[in-house]
Amino acid sequence: MKVPAMIAAELRRLTASKMGIIALIALVCVPILYGGLYLWANQDPYAKFPEVPVALVVDDAGAPAPTTGTEAETGETVNYGEDVAENLIDGNAFDWQRMSADQAADALREGTVDFTVTIPDDFSSALTSAAGDDPHQARIELETNDANNYLASSMGTQAVEKIRSSVAEMVGSEAAERLLTGLSDVRDNLVTAADGASQLTDGANTAATGSATLADGTSQLADGTSQLAGGASELAGGASQLAGGAATLASGAQQVSDGNRQLADVADRAGSAVQQATDALPQARQDIATVLTDQGLTQEEIDRVLSTLDPLGTRLEEGNATVQNAVAKVDQLAAGAESVASGASQLASGTQTLASGAQTLAGGAQTVATGAAAARDGAAQLRDGLGTLASGTAELRDGLSDGVEQIPASTPDLRALQADTIADPVKVSSDKVASAEDYGAGLAPFFAALSAWIGIYALFLIVKPISRRAVTALHSPIRVTLAGWLTPAMLGAVQMVGLMGILAITLGFTFNNPIGTLGVMILASATFAAIILTLNVWLGSVGQFLGLVLMVLQLVTAGGTFPWQTLPAPLAALHHVLPLGYVVDAMRQLMYGGDLGRAGWDLVVLGIWLVGALLLAAIGVTRMTHRRTLRDLQPSLIG
């Protein structure tokens, strides 16, 4: 009997009755139903999140609006809680239902909502507290009920974390914009300060130059006032001597004035007498003429006598003129002497005042000299200080200019972009080497591989692993083994084709390499058929049970949901040995467009399992053909 005949005989046995046909069809459909229904139920659960009921409690009382610039804003308030609520409802991530705190607690307890999110009354005030003297964090309260759904608690935690990050970004953006606006104002003030510092530097340099000139001038002033003090002292001595001489002069001038006055008086009397004599001369001539006439002299004789006397009269008149002239001069001399005496007296008084003033001048000049010396020292210190001031203002100017350059000029639009960047500085750029379209597609390799095992395991409930007639009639273990393997392998291939149709057509999953993916599924089914065949050949019904145990082990070690690295060490070690994990990995690479090299290695491992299992099955069949045991005659525990 050849292998095809043995396969045909087994198929005839399986379809010999209507119940047999129904059972065979049902078992062939097991992986299709298992994989198809499970993946259909979990195809895209995230798209259904907007139908998950969640209670939203907003108790936020609001807070005064923070300032956004140099001018304080008064009378404005913010309510971040209401903003968050509006964003959540508009975002439609869940079926948000606004409730009071009591309503939300009742709904969570009764299971009408999966979790509750509460925004407390101090939410806005806490978010704006960073600008005050009592900064504290805002709270978002999450309350879950695992009795409703454990995964709902996980979803609530993720939702609250997204709310927290979005609120932090919103508030951080506003705070950063206020900071940048203030920084822009600081920059403007720094520009003004830099300009003022530049002017101050110029003024300080001018002052420094002027102070140097002042220092030189005060030094010269100090020298001059010192000389002045010496000269004033000498002047005081000379003025004292002059005052003494002026006093002596005044005394002598007074004596001269007195003598001249006496001389003038004598001269006045003499002049008066001479004037009287001169005035009496005509009368005396007349009187002489009369006397001569009376004595009998002739007119001629009288004229001779008078002519003799007339020259005397002439000389008398001339002498009178001289005397009067001399008297006038003596009077002038007396008047001048009096003026000299008066002037000498005034000179004496003035020189005394001069001496006193010169003494005062000497003292003042000495004081001025001392002050000028102090001024010289002060001017030198001022010069040095202004030099230091000029250097300092230059450093201030340069520092302010550097500060202005380090603070970039900005515009409102630029500040808005900068604030958004500061509030959310990291943008995640996601790129996928291989991509699953949704949650169901992500689970498809795992459940397709698991369905292949379940399908083969179910087939062996009715398919005989080895035909005992063939074992008895033939002495060809290889042909018997191939016939026992090919029957479930072909039926498994039918299962995989049907499952592939459900995944691709009914569920609409896309496959980067559909032929390769189907080939992996068929190879996996054939490999699983060889493994379960081997267990049945060697252990009988116990081997069939071990196939169930082996399925459970592969269920937890294949890494179909969580990464296999999260497994405990013993289970992680089994991941590298058992075949289901390699089937899952190969399907992922071919379905999502991953690394074909990895898929090739996975196929090599499956091939090793397939060949190894068939060899072990052949050895077991060989044992059966050479000797029989009582166990071989016992009925199987599994029908």
Side-chain angles (χ1 to χ4, degrees), residues 31 34-35 38-39 41-46 150-151 154-155 157-158 430-457 496 499-500 503 509 511-513 516-532 534-535 546-613:
Y34 174 79
Y38 195 92
L39 291 173
N42 294 278
Q43 184 171 7
D44 193 7
Y46 296 104
Y150 174 73
L151 288 180
S154 177
M155 289 189 296
T157 302
Q158 295 178 11
S430 178
D431 190 15
K432 295 182 179 181
V433 176
S435 174
E437 56 189 315
D438 53 33
Y439 182 77
L443 292 179
F446 174 59
F447 283 100
L450 189 60
S451 297
W453 185 278
I454 293 174
I456 292 297
Y457 182 84
M496 294 300 99
L499 180 59
M500 183 69 174
L503 298 180
F509 292 155
F511 295 84
N512 187 270
N513 190 335
T517 304
L518 179 60
V520 170
M521 293 169 63
I522 293 173
L523 177 60
S525 179
T527 302
F528 297 157
I531 294 171
I532 296 177
T534 302
L535 293 174
L546 288 179
L548 180 62
V549 174
L550 192 58
M551 181 190 72
V552 173
L553 282 176
Q554 294 185 105
L555 179 67
V556 298
T557 61
T561 52
F562 289 98
W564 65 265
Q565 290 87 349
T566 62
L567 296 171
L571 296 179
L574 287 176
H575 169 80
H576 296 289
V577 176
L578 297 177
L580 192 67
Y582 292 97
V583 177
V584 173
D585 186 64
M587 286 193 64
R588 286 172 174 169
Q589 305 307 316
L590 294 169
M591 183 175 178
Y592 307 149
D595 185 0
L596 295 180
R598 282 178 57 181
W601 171 247
D602 294 329
L603 296 179
V604 169
V605 174
L606 288 179
I608 293 172
W609 270 97
L610 174 62
V611 173

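What's counted below: heavy atoms across the whole structure, side chains too, no hydrogens, waters or symmetry copies.
Annotation for Pro445 and Tyr592: closest pair CD-OH, 3.3 Å, computed over non-hydrogen atoms. Nearest heavy-atom pair, Met500 versus Met521, reported as atom, atom and distance to 0.1 Å: SD-SD, 4.0 Å. The minimum heavy-atom distance linking Arg588 with Gly560 is given by the pair NH2-O, 3.2 Å. Closest non-hydrogen pair, Val584 versus Phe446, comes out as CG2-CA, 3.8 Å. Among all heavy-atom pairs drawn from Ala558 and Leu580, the shortest one is CB-CD2, 3.9 Å. Among all heavy-atom pairs drawn from Leu590 and Ala599, the shortest one is CG-CB, 4.2 Å.
Using cut-offs of 30° and 60° on the angle between ring planes, the pair Trp564 and His576 is perpendicular.
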Leu450 vs Met551, side-chain contact (heavy atoms from CB on, under 4.5 Å): CA-CA, chis, key distance, verdict: CA-CA 8 Å; Leu450 189 60; Met551 181 190 72; 4.0 Å; yes

Show your working on side-chain contact (heavy atoms from CB on, under 4.5 Å) between Leu555 and Trp453 and close with a plain yes or no. CA-CA 10 Å; Leu555 179 67; Trp453 185 278; over 6 Å; no

Run the side-chain contact (heavy atoms from CB on, under 4.5 Å) test on Leu518 and Phe511 for me, step by step, so that the C-alpha distance in whole Å, both residues' side-chain angles and the decisive distance to 0.1 Å come before the verdict. CA-CA 10 Å; Leu518 179 60; Phe511 295 84; over 6 Å; no

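Among pairs with a residue in residues 557-585, those fulfilling salt bridge (charged side-chain N to carboxylate O under 4.0 Å, His left out) read Asp585-Arg598, at least two apart in sequence or across chains. Legend: salt bridge (charged side-chain N to carboxylate O under 4.0 Å, His left out) pairs involving residues 558-576, not counting sequence neighbours: none detected.
Taken to the nearest 0.5 Å, the CE atom of Met496 stands 9.5 Å off from the CG atom of Leu503. To the nearest 0.5 Å, the span separating CD1 on Ile531 from CG on Leu546 amounts to 13.0 Å. Expressed to the nearest 0.5 Å, how far CZ of Phe447 lies from CG of Leu499 amounts to 12.0 Å. In this structure, OH in Tyr582 is found 14.5 Å from CG in Leu523, a value given to the nearest 0.5 Å. Remark: Thr566 OG1 to Leu571 CG distance equals 10.0 Å, nearest 0.5 Å. Within the model, atoms CG of Leu596 and CG of Asn513 stand 7.0 Å from one another, a figure rounded to the nearest 0.5 Å.
Under a 3.5 Å cut-off, the side chain of Thr534 and the backbone N or O of Ala613 do form a donor-acceptor pair.
Side-chain contact between Leu548 and Tyr457: present, with at least one pair of heavy atoms (C-beta onward) separated by less than 4.5 Å. Val583 has its side chain out of reach of Asp602: every pair of non-hydrogen atoms, C-beta onward, lies at least 4.5 Å apart. Contact of the Pro579 side chain with the Leu606 side chain is registered, since non-hydrogen atoms from C-beta on lie closer than 4.5 Å.
By the side-chain contact (heavy atoms from CB on, under 4.5 Å) test, Val604 pairs with Trp601, Ile608, sequence neighbours left out.
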